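Worksheet: one structure, shown below.
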Amino acid sequence: MTKLTQRFFDQKTELVAKELLGKVLVRKINDKKLSGMIVETEAYVGPHDLASHASKGKTNRTHVMFSSGGFWYVYMIYGFYYCLNIVTETEDYPSAVLIRALEPLEGIEIMKQNRKTDNIINLTSGPGKLCQAFEITKKIDSTSAISENSKLYIEDREIKIPANQIVKAERIGVDYAGIWKDKLLRFYIKDNLFVSKK
DNA sequence: CAAGAGATCATCT
DNA sequence: GATGATCTCTTGA
């Protein structure tokens, strides 16, 4: 039950994306606690990755991707939803892992209220959904996942996902990215019910 | 079921 | 002024 540190996030983005499967995202809101096991991620691997927002260079929105590992990058998409990323690798090298889906563990009743549904499968099975369930907004953007008092962080609960249970696939919704749309930079746990797209 | 439209706004040209 | 690392609902077979 240890919190992941900067050393973990400073590793190569593709490796972090893979290793995050089975780790547990924890959210604290006052006395409430929410958590879920990460079951699906995507790697956005550098400035040359045309699917990455950082391929456009450093802007107000993306500057946090240029920091060292362990910061949150949260942005609004399509005017309705937020997406949650954790920044990886060294300073000045823009890269991050998009957290796409979780398997709910603790605080399920609160997630049901936040998502306005009783269907467990529909609580956190997508990047926009999990942000709504976990009350993640732009306020989280650029904050640290590894500081002492972080209200959003990732725990290692020693859940080991065997290599043959990890599926590699193309990333979702990046048709504009040329040859980069076909790279196998999405990772998910085989047969897990909470993965957003099979 | 699958496919398509619509919602709505921060960000960059 | 266009566009998107999404989701939900409606339509139609």
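Here the structure is a predicted model, which is why all the values come from computation and not from measurement.
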Checklist entry - Quick one: what's the B/S/- string for nucleotides 6-13 of chain B, heavy-atom cutoff under 4.0 Å, read 5' to 3'? => result -BBB-SS-

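With sequence neighbours excluded, the residues that form a salt bridge (charged side-chain N to carboxylate O under 4.0 Å, His left out) with A/Glu155 are A/Arg157. Annotation: side-chain hydrogen bond (donor to acceptor under 3.5 Å, both in side chains) contacts of A/Arg171 (sequence neighbours excluded): A/Asp49. In terms of the salt bridge (charged side-chain N to carboxylate O under 4.0 Å, His left out) criterion, A/Glu14 has no residue partners (sequence neighbours excluded). For A/Thr88, the side-chain hydrogen bond (donor to acceptor under 3.5 Å, both in side chains) partners two or more places apart in sequence, or in a different chain, are A/Thr13, A/Ser95. For A/Lys112, the salt bridge (charged side-chain N to carboxylate O under 4.0 Å, His left out) criterion is met by A/Glu109, not counting sequence neighbours.
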Item to check | Canonical and wobble pairing (Watson-Crick, G-U, under 3.5 Å) of DNA chain C, dot-bracket with | | outcome: ||||.|||||||.

Side-chain donor-acceptor contacts of residues 74-86 of chain A below 3.5 Å, not counting sequence neighbours, with atom names and distances?
residue, atom, partner, partner atom, Å
A/Asn85, ND2, A/Tyr73, O, 3.2

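Of all nucleotides in DNA chain C, those with any atom nearer than 4.0 Å to a heavy atom of chain A start and finish, going 5' to 3', at C/dG4 to C/dT8.
Members clustered with A/Tyr44: A/Leu98, A/Val174, A/Tyr176, by chain and number, using a 4.5 Å side-chain heavy-atom cutoff among hydrophobic residues.
Under a 4.0 Å N-O distance rule, the pair A/Lys32/A/Glu135 qualifies as a salt bridge.
Nucleic acid contact for A/Ile172: sugar-phosphate only, since backbone atoms but no base atoms lie under 4.0 Å from a heavy atom of the residue.
Residues of residues 84-92 of chain A having a heavy atom closer than 4.0 Å to DNA chain B: none are found. Listed in residue order, the members of residues 106-134 of chain A having a heavy atom less than 4.0 Å from DNA chain C are A/Arg115, A/Asn122, A/Gly126, A/Pro127, A/Gly128, A/Lys129.
Taking every heavy atom of both residues into account, A/Asn192 and A/Glu103 meet most closely at ND2-OE1, 2.9 Å. The two atoms that bring A/Val87 and A/Met65 nearest to each other are CG1-O, 3.8 Å, heavy atoms only.
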